[in-house]
Amino acid sequence: MDVDETQDMEAEETVVEESKKEHDESENKDEGITDKETTDEPDDGEGEKEVPEPDDGEGKTEVPEPDDGEGKTEVPELDFSEDKTEVPEPDVGDGKAAVEEAEAGYEIMAEVKEKAQDNEDGQLEKTDSAKEGPVNNLEPSSVVEAEKEVEGEATGATEDGGQRDAAENEKEQEEAENEERDKENADNGEEESTYIRMKDEDEKKIAADFYYNFEEFMSKARVTEGSGLPSDLLSLQHSFGYDCKRRHNLHLLDENHLLFIAGNVLQILNVRTKKQTYIRSTSGGSIGALAVHPSRKYFAVGEKGKAPNINIFEYPSLKLYRILRGGTEASYASLNYSPDGELLASQGGDPDYMLTVWNWREEKIMLRSKAFSQDVFRVTFASELEGQLTTAGTSHIRFWKMADTFTGLKLQGELGRFGRTQISDIEGYVELPDGKVLSGCDWGNLLLWDGGLIKVEVTKRGRKSCHSGPIMQILLDEGELITVGVDGYIRVWDFETIDTADQTDESGLFEMDPMNELRVGQDVQLYGIVKSIDEENEPTIWYAQDANGGIWRLDLSFSHTSQAPEKLMTYHSGSILGCVTSPNTHLAASVGLDHSVRVFDYGQQKQLSESHFNAGGSSILWAPQIVDPKGKTVVAGFTDGVVRILTVSQMPEDIPRNKKGECEVALKQVFKPHSKAVTSMAYDGKGQILATGGQDATVFFMNIGNPYEPVGFIKVPAPVRQLLWTPEKFNKQALLVVCDEGIVVELGVPDVDKLDTARTFEIKDVTVRQYTFHSIKSRLRHEEELERKKIEEEERKKKEEEERRRRIERGLETESEHGDEHDEHSKAVHDDWQPFIPKEPSPILHAFYDVNEEEYFWLSMGEFDSGYLYKCKFTSPEEKTKIRPDAADEPVLAVPIVESDDIPISTLIFSVSGNQALMGMQDGSIRVQTLLKAILFH
């Protein structure tokens, strides 16, 4: 972390601490607390010295100024914000050296400025023109060139007293103006950003009709040369997903189309036809934020990944119009267009949290500054006040101004002071026309900010919260304030009353009731609403983002003819922990932590049913045809240890026409074999036993019938991750149990006739074999490194021999001369390498039997041991006596997953032909591997 970032974080932490101690608004003003970053300045007895520092784009840092003994001297700023080049600060430890360096800097700057003004023919091509602003806005290369040029003419400049006097006068004028500016900023407590200089008006601009070829930038499947696999082997057909828990993830493009993010794909939904259009990211990674241009002719897509881009698409052509580069390091959290559509603000996420203002049409950065040291949820331009922005997020809100200062355009930020009010995360806020800002808070009230301070806290009468929980969005629409809460309510408030509200007592509260309110539905969590478009009338229809998995159509006319809320689309909310397909139809079923089980027809691309239960789903299994020939049985496991047997069937013929073709899910049986979440379930090959595994480190067996009958349970060493029966072609029947802590257990099938369940269902008389994975990755990588060095050494020797042969042929060397030389490279290097074994065992993500050798199985490991598939074997007690103890549980073979970057394999299945393996990777990608030998389990 550089100095600027460190001081910025310290300053913001100080502000938070001071806010906790403040007890009166007047004290804040009197004390003059600011978030401006300062350092102590040296005092030589003649007064303070202030020096504007080099600005690296992440905040302002003041450094002690060398004193030349003649009074206060200021060094013009060097702005290197465009290429982020850092310039070493002067060493103030040596006073004489610092003075000489500063004076040299003054001479260089004076000479450069004279040349910028005198040489109208543009001899100094890399300096700014005089009309653009101060000459200190130079690229680093320009400074170097200017220094060389001035050094060559230094004598002439000194002899010409007139030129020297003019430079000194101009320097003094700059000092006076800089001093006035610094004093003004200190009084305001503002943080300044890096100034990215504007280009000359005659600089070549991007043509208005220029477009990129999106096919060249769109992420595509990577195909290994010579694999014979087509690039379109896998293609997206339909998406049933919506990232409904992402902030501000619902936008309107026109009267019929909504825009939102689902994973790595941007989706455009036609609300009438339900047709979906997909746009892939260019990075191949996820998408962080969206923004629609005020004209609705463009929309911006901020991606995630290493140095992600912001892609601007034209609508409705969906052509790639502009690409904005270098705005953040890893992800974009928020995007927002200015009211006139000329500027775009972007807010970066961890680790830099960079706020950037773009001239997006020219793909140029205008201003940038680190917004905060923690998560920033949102950035917006003020709708009425030009040049003002607001950012808000974890425990803060910040007010920004684009100020035209002596050194150029600056982005100055002021942190909001909570004072006596409890510090809160800020989700929703709105800028009011008179400069005030109205925000929500964690406990559901409204905070009215004025001049960086909380003027009043608005609550409902009787001191009831305006909303139960955070207010996610606040809008000013047609003179009315609208608040949107996670409690599922939309409330309308009188703008004038709030705008003029003031404290009535020491509590700082102002009580009032909303004018209208709408509860969208039960268990609805609203994250935001967007207004529809009606060219003829004032629209009253809005679309709402429901974090519990839905998109709603709302009528906010608040009249006796208002339409009831309508749920247009429904989705899983949060993690989906299981998805399976029917063995004989084009149906799929899924289960998620949102307590729902859903059935889809992926042929018709529609959801058929949705069932909710009182616990989150954790696993799901579609019964094979040997168990249910009609393919109607689905088994779902839940986080409370319950297993439900469900029947999927067509709806009756007499249902309404608009419901025709949908199915119903009926509950057939319920039992609770585990005390914690059910993590895996498996039917045996004969269709006689259902095994379930849980986080309670037990495996339960059920006899299949009508109903299912309990057999008993077996304790295993650790919580269960996966269950797998032996293939039908094996001569034995056993259950492979993958546990946490790198443990694999193989259980024999219990003999039901010999079990006595009168006292307990625990099964003890069963064959058990156990394997604990022993890491060998560090040894594998060491051997690979040695092999690489061996090849390099052989290549080196080959080249040396060839060179020696040529020298001998040319008579420059004899064989005897070279034969006695000691070859330093041939020295044996003592290898003191020691293997690395992780303290915590790597998790086993997936396992499967080797179909050709019954005693062997394969493991895919996570964390440190990823990057390989490991072939393992249960070792018998007799075999363990013949090998060293630490090698008993080592894999017998490790197959590297080439070009995987050590990304773990989460799941693996084989094609019907057995010629290909489909790997689901932990980063969300799918990998298809052609096998040299077909793997068939039947």
Kindly give the heavy-atom pair with the smallest separation between [X] and [Y], and that separation in Å.
X	Y	result
Leu736	Ala847	CD2-CB, 4.2 Å
Ser618	Val591	N-CG2, 4.2 Å
Ser573	Ala547	OG-O, 2.6 Å
Pro717	Ile743	CB-CD1, 3.8 Å
Thr679	Gln695	CG2-CG, 3.5 Å
Ser281	Gly284	OG-N, 3.2 Å

Taking atom types as modelled and ignoring hydrogens, do the side chains of [X] and [Y] form a donor-acceptor contact shorter than 3.5 angstrom?
X	Y	result
Gln688	Asn703	no
Asp902	Ser866	no
Ser235	Gln237	yes
Ser649	Thr647	no
Glu610	Thr570	yes
Thr282	Glu303	yes

Drop me the distance from [X]'s [atom1] to [Y]'s [atom2], to the nearest 0.5 angstrom.
X	Y	atom1	atom2	result
Arg644	Leu667	CZ	CG	6.5 Å
Leu786	Glu793	CG	CD	12.5 Å
Glu709	Leu690	CD	CG	13.0 Å
Asn584	Lys632	CG	NZ	10.5 Å
Asp601	Thr585	CG	OG1	8.0 Å
Phe773	Cys872	CZ	SG	6.0 Å

Exercise. Are the side chain of Asp628 and the backbone of Thr633 linked by a donor-acceptor contact shorter than 3.5 Å?
Worked result: yes

Exercise. With distance as the sole test, does Lys732 use its side chain to make a donor-acceptor pair with the main-chain N or O of Ala734 at under 3.5 Å?
Worked result: no

For this session: Please determine which of Glu792, Lys798, Lys790 meets the side-chain contact (heavy atoms from CB on, under 4.5 Å) test together with Glu794.
Result: Lys790

Exercise. Among Glu746, Glu879, Glu854, which one satisfies salt bridge (Lys or Arg N to Asp or Glu O under 4.0 Å) with Lys873?
Worked result: Glu879

Give me the ring orientation class for [X] and [Y]: parallel if the planes are under 30° apart, tilted from 30 to 60°, perpendicular past 60°.
X	Y	result
Tyr870	Tyr868	tilted
Phe857	Phe874	tilted
His572	Phe600	tilted

For this session: For atom NZ of Lys220, decide whether the heavy atoms of other residues, nucleotides or ligands shown that lie under 6.0 angstrom number more than 12.
Result: yes

